[in-house]
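What follows is a set of notes on a single structure, which appears directly below.
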Amino acid sequence: MASRIGELVLECRDPELLARFWCEVLDFVELERDGDDIEIGPREGFGGAQPTIVLSRNDDPQPGKPRLHIDVNATDRDQDAELERLLKLGARPADIGQTGEESWHVLADPEGNVFCLLRRRLNPL
């Protein structure tokens with residue numbers, strides 16, 4: 001099997017404003033808050049056919065750094081087995097200042113685009 005896009009992460013200055021905007025545009029609802037970050041998604045909740053969107057506060061976006069990145073979830077294996085598979089496909093670990101306490105792995109694709117492998121498994125759909 002493979003991984004699925006579980007969520008898109010958009011760095012922004014005003015998560016509240018963008019949460020309201022995207023909820024109206026997509027008919028999404030607020031699913032979760034973690035500090036200043038707001039996760040929105042379909043009314044059915046997490047793990048459905050559509051990825052959720054995490055609006056992540058960043059008061060000082062860096063020029064040239066993408067403000068959107070993909071988070072993927074394994075569908076048929078645990079996180080460690082999926083990490084091994086992704087590394088064999090050409091992904092490589094990326095350091096973006098994480099503490100080492102995160103439950104996810106930060107990786108870069110073969111062209112250096114950063115993405116995260118989350119712990120939670122999703123149904124393959």
Approximate separation, where rounding is to 0.5 Å, of [X] [atom1] and [Y] [atom2]:
| X | Y | atom1 | atom2 | value |
| --- | --- | --- | --- | --- |
| L107 | H69 | CG | NE2 | 11.0 Å |
| R13 | L55 | CZ | CG | 14.5 Å |
| S56 | L10 | OG | CG | 8.5 Å |

Cluster overlap [X] with [Y], hydrophobic side-chain contacts below 4.5 Å:
| X | Y | answer |
| --- | --- | --- |
| L83 | I70 | yes |
| V29 | F21 | no |
| L18 | V54 | no |
| L68 | W22 | yes |
| V114 | V72 | no |

query: Do NZ/NE/NH1/NH2 and the carboxylate oxygens of E24 and R20 come within less than 4.0 Å?
result: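 A salt bridge is absent here (no side-chain N lies under 4.0 Å from a carboxylate O).
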- prompt: Can a salt bridge be assigned to the pair R33 and E16 using a cut-off of 4.0 Å between side-chain N and carboxylate O?
  reply: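 Judged by the 4.0 Å cut-off on N to carboxylate O distance, R33 and E16 do form a salt bridge.
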- prompt: Does the pair S3 and R85 meet the rule for a side chain to side chain contact (heavy atoms under 4.5 Å, CB included), with working shown?
  reply: CA-CA 10 Å; S3 289; R85 187 180 82 87; 4.1 Å; yes
Residues in salt bridge (charged side-chain N to carboxylate O under 4.0 Å, His left out) contact with [X], at least two apart in sequence or another chain:
| X | answer |
| --- | --- |
| D14 | none |
| D34 | none |
| E32 | none |
| R67 | none |

Kindly give the heavy-atom pair with the smallest separation between [X] and [Y], and that separation in Å.
| X | Y | answer |
| --- | --- | --- |
| I40 | A19 | CG2-CB, 4.1 Å |
| Q98 | I96 | OE1-N, 2.7 Å |
| T52 | G41 | CG2-CA, 4.2 Å |
| A2 | E82 | C-OE2, 4.1 Å |
| P42 | P51 | CD-O, 4.5 Å |
| L31 | G45 | CD2-CA, 3.9 Å |

message: For a side chain to side chain contact (heavy atoms under 4.5 Å, CB included) check, start with the C-alpha distance between I53 and L26, then their side-chain angles and the critical distance, and finish with the verdict.
response: CA-CA 11 Å; I53 299 172; L26 301 170; 3.8 Å; yes
If we only count heavy atoms from C-beta on, is the [X] to [Y] side-chain gap below 4.5 Å?
| X | Y | answer |
| --- | --- | --- |
| L86 | F115 | yes |
| R120 | E7 | yes |
| L89 | P110 | no |

Return yes if some donor-acceptor pair links the side-chain N/O of [X] with the main-chain N/O of [Y] below 3.5 Å, else return no.
| X | Y | answer |
| --- | --- | --- |
| Q79 | L117 | yes |
| E102 | G100 | yes |
| N73 | I5 | no |
| R57 | D37 | no |

field: Residue list, side-chain hydrogen bond (donor to acceptor under 3.5 Å, both in side chains) with H105, at least two apart or on another chain
entry: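 Counting only residues at least two positions away or on another chain, H105 forms no side-chain hydrogen bond (donor to acceptor under 3.5 Å, both in side chains).
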- prompt: If you look only at pairs with a residue in residues 42-51, which of them pass as a salt bridge (charged side-chain N to carboxylate O under 4.0 Å, His left out), with sequence neighbours excluded?
  reply: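 Residue pairs with at least one partner in residues 42-51: D27-R43.
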